[in-house]
Protein chains: 2
Amino acid sequence: MSGGSDAAESRDRSPLRTDLTPIVDAVADADADAFVAVGDRFDDDLRYLTRFAGPDRPSALVVVPVDGAADRAVCCAPSLFREQAEREFVASARERGSDGRADRFHDGVAREVRTERVGDHAGERAAGLVRDLIGAGDDGPETESDGDRTLLVPPSIPHDAAVYLERAGNALASTDAVATARARKTDAELDRLRSVQRAATAGMARAETVLAESEVGDSADESVGEARTEDRRRPPLRWEGAPLTTERLRREVNAVLAARGVRDAGDTAIGAGPSAADLHFVGDDPIRPGETVLIDVSPRGPDGYRGDLARTFVVDGDGGWERRAYLAVESAREVALGEIEPGATAASVHGEAAAELGAYGFDPNAGEGEAGFTHDTGHGVGVSLHESPSLSSGTELRPGHVVAVEPGVYDPDVGGVRLEDVVVVTEDGCELLAEYSFGIVPRERE
Amino acid sequence: MSGGSDAAESRDRSPLRTDLTPIVDAVADADADAFVAVGDRFDDDLRYLTRFAGPDRPSALVVVPVDGAADRAVCCAPSLFREQAEREFVASARERGSDGRADRFHDGVAREVRTERVGDHAGERAAGLVRDLIGAGDDGPETESDGDRTLLVPPSIPHDAAVYLERAGNALASTDAVATARARKTDAELDRLRSVQRAATAGMARAETVLAESEVGDSADESVGEARTEDRRRPPLRWEGAPLTTERLRREVNAVLAARGVRDAGDTAIGAGPSAADLHFVGDDPIRPGETVLIDVSPRGPDGYRGDLARTFVVDGDGGWERRAYLAVESAREVALGEIEPGATAASVHGEAAAELGAYGFDPNAGEGEAGFTHDTGHGVGVSLHESPSLSSGTELRPGHVVAVEPGVYDPDVGGVRLEDVVVVTEDGCELLAEYSFGIVPRERE
């Protein structure tokens, strides 16, 4: 369980920096005065924009275009977190100029941290910052409403913060500039995404190994005998002397993720038999031979980036529904990956994958609770597990888009099969961020 | 690393149910028409109210008082999560009546899940739900604005959802009823909080054991030699053949948490030497003999409840600053715990602890970046790591409040000492949720 290599690796990496010029440009294009975001550590837009992994109390970010000088970005953080904000938001964005001085910012946007007025609501502090930074027509901080500025805000800014901003004389307009900027990844972001996806493969290898080591259970087990009488299901697998359950298997996976320096983020979903048809099963079910075991591992790395990897196994299967489903999903995956290239629409990728599943006899448009393909073929992956672009929208794929591709078929009475990988769109196709082998029969991988 | 006992334990527990009558009462008291919350899985208010650990897409909850019949609560979930919402929000709140039928709800509030209109924004769906459920003066769904209803909402409801609700003819008023309800824990909640705090003690035992097993490093190590020349700090500890760092130690802790079925939630903060003065250090620093190692473990259990435990150790210390600090903090902790009882104000607990630290010669009101006591004495713990009551407000403590007590002193040039435990306020004092031993010298605990 001793780690360290990933940490060493990360010390040698180029700093993860966000280019704030698309935000500055969005403000200018909308003829607005500033961009304002308010949120806590769970706000992935703010995490992306600031790289500040602050506390569970709100911070604010104000970005202001400045004529004839450097544009400005100010992060208003809780005072106890000033040092961390200085390090993550300001220092990491500095670079040395040709004169060797580290007093310039990589994207030309001057960053600073402020921690004053700690008792005030983050929205109130953001309103004060806007007043300080823009200042035009300002009669001083006593004025309740001092202008008719327009601020761009993310659509889901907290309502109380929005009300503070509006009461201070600002009109709000929502912008999707952050989502658009987030969709295309830089090399440094791809580096983090590859790293966390590799950790996901280590977790998957643990799960597959445990399944490969498991033995077909002894039907003399009493509780199992009862269950069998009731529903003819086979007794659970046994591993290290006890029945194997989805909870035991999940703990094994999560311990490996933790030892690799990433967190499971509550998103290691493992279903077995009917619960494999549940898209995000995190309960405790016995794992039985002959039934599908669907393992979906979506860790979060130290910089916030997410992995997403799913495989499906069957121990001692009889080659029935689950093998046909596996072939169909494997084929749909190939088709979807072959479709991904710059200019392809996300919806066409989904359409091709769905058609392939249909060709294998599975309902490509199954509704909630029905058998077949019930969800989208994929979704963007970045600081959030699900972000732009979705693989069912009309969005055209572009180089740097990172998407999880996850065809699957389900039967609520039987189980589910899903195979999921993350790819980056390249100039002429796509590339897996990390590889993990295929095969419905589990093998020892450690 | 094999687990299982906690899962078995949880299956025998009483269901975790939220009493929605305080929300119904708040609506009635405010002469409002309904309560509406909108949020995703990261919204702890919604998690508490619904027990639905849904996806990262928004759900809505509408609670409506009904004259002469059961009050109603409707959760509007993404359709792929209907089954999970039915199980977590509806089924878990049912109980059998005297006639043996499980058709009543424990708090008399009738719950249902709806998944219609999946393409709509969650705020739009919430507005539609309000129209359906209240209906008075309704001219049908085509009407843009169809009444002057008043809705209670949590202050930080997403702004876009608030705008949808307002455009549909609803006036919004914010309520703190959810925070108030969350502050006082039920027996079932205490059970979960004890369980996750026990997991935190297992993580701490791992960290303490690793420190106890570590050896004072060999100064022949080259990089260490340089560091020593530069700042006279001693070479790092060695553990299992390699230098011990905060990152290695954190991975050890987190793997134990994962194996116990809880997640570290990105909140295992370990600082060493100067970084121990950073309140939430999650970077990678060498751990050196003679310096404080501050370990703060705050896992999240499967039902969402949080633990919070901090201890400080020094390997091969010389009894200087850190030992005085430890004695001061241990004493402040005793004083604070002695102060906690129903009727005591949270602020008085903080005041007593601060005074005790002052009596030991530490600045009880140190500012940002200064030496001394820089933060509050504690905070409520529940579904959120920080919730009501804070231990610096004027709030009177009441039985069922759960608070972390965490006095600490820091010197940015030297290190930090903090000791943190979680207690529940009882009828005549308080009680630790889990015990972990004290002592600045680490011992093997596994």
Side-chain angles (χ1 to χ4, degrees), chain A residues 1-4 7 10-11 41-42 53 55-58 79-84 115 153 155-162 172 174 239-240 242 245 247-248 250-261 263-266 278-282 284 300 302 367-369 374-375 384-386, chain B residues 1-4 7 10-11 41-42 53 55-58 79-84 115 153 155-162 172 174 239-240 242 245 247-248 250-261 263-266 278-280 282 284 300 302 367-369 374-375 384-386 412:
Chain A
M1 297 212 309
S2 98
S10 83
R11 278 196 299 272
R41 66 186 306 191
F42 305 107
D56 51 7
R57 275 161 291 157
S79 66
L80 288 171
F81 291 79
R82 173 186 273 279
E83 195 181 330
Q84 186 184 343
T115 55
V153 297
S156 62
I157 187 172
H159 185 55
D160 46 5
L172 305 188
S174 76
W239 182 71
E240 292 195 349
T245 69
E247 173 72 18
R248 282 187 77 202
R250 185 166 46 244
R251 291 181 184 196
E252 291 295 317
V253 172
N254 290 349
V256 167
L257 297 177
R260 297 269 304 206
R263 38 187 171 123
D264 65 86
D278 191 328
L279 296 184
H280 191 256
F281 187 74
V282 293
D284 195 14
R300 188 165 211 192
E368 152 195 335
T374 53
H375 55 74
S384 296
L385 182 54
H386 300 93
Chain B
M1 299 213 307
S2 100
S10 83
R11 277 196 299 273
R41 65 184 307 188
F42 305 107
D56 51 6
R57 276 161 291 158
S79 66
L80 288 171
F81 291 80
R82 173 186 275 279
E83 194 181 330
Q84 186 184 342
T115 55
V153 296
S156 62
I157 186 172
H159 184 56
D160 46 5
L172 305 188
S174 77
W239 182 72
E240 292 195 349
T245 68
E247 173 71 18
R248 281 187 79 200
R250 186 166 45 244
R251 292 181 184 196
E252 292 295 317
V253 172
N254 290 348
V256 167
L257 297 177
R260 296 270 305 206
R263 32 184 178 128
D264 64 87
D278 190 329
L279 295 183
H280 191 257
V282 293
D284 194 14
R300 188 165 211 193
E368 154 194 333
T374 52
H375 55 75
S384 296
L385 182 54
H386 300 93

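All chains are named by letter (A, B, ...) in the order of the sequence lines, taking the proteins before the strands, and each is independently numbered beginning at 1.
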Asker: I need the residue from S156(B), A53(B), A162(B) with the largest number of non-hydrogen atom pairs under 4.5 Å to chain A.
Answerer: S156(B)
Asker: So which residue, P155(A), G266(A), P158(A), ends up with the most heavy-atom pairs under 4.5 Å with chain B?
Answerer: P155(A)
Asker: Minimum heavy-atom separation for E247(A) and D284(A), please, with both atom names.
Answerer: CB-OD1, 3.0 Å
Asker: Which of the residues Q84(A), H386(A), R57(A), H280(A) is involved in the greatest number of heavy-atom pairs with chain B at under 4.5 angstrom?
Answerer: H386(A)
Asker: Report the option among H375(A), R300(A), R82(A) that has the most heavy-atom pairs separated by less than 4.5 Å from atoms of chain B.
Answerer: R82(A)
Asker: For R41(B), is it the side chain, the backbone, both or neither that has a heavy atom under 4.5 Å from a heavy atom of chain A?
Answerer: side chain
Asker: Is L279(B) close to chain A through its backbone or its side chain, or both, or neither, when contacts mean heavy atoms under 4.5 Å?
Answerer: side chain
Asker: Chain A heavy atoms under 4.5 Å from L257(B): which part of the residue, side chain, backbone, both or neither?
Answerer: neither
Asker: For G369(B) versus P412(B), what's the shortest heavy-atom pair and its separation?
Answerer: O-CG, 3.2 Å
Asker: Do you know which of D160(B), N254(B), D264(B), T374(B) has the most heavy-atom pairs under 4.5 Å to chain A?
Answerer: D160(B)
Asker: Please determine whether a side-chain nitrogen of the Lys or Arg among R248(B) and E252(B) lies less than 4.0 Å from a carboxylate oxygen of the Asp or Glu.
Answerer: no
Asker: Between P302(B) and G261(B), what is the shortest heavy-atom contact and its length?
Answerer: CD-O, 3.8 Å
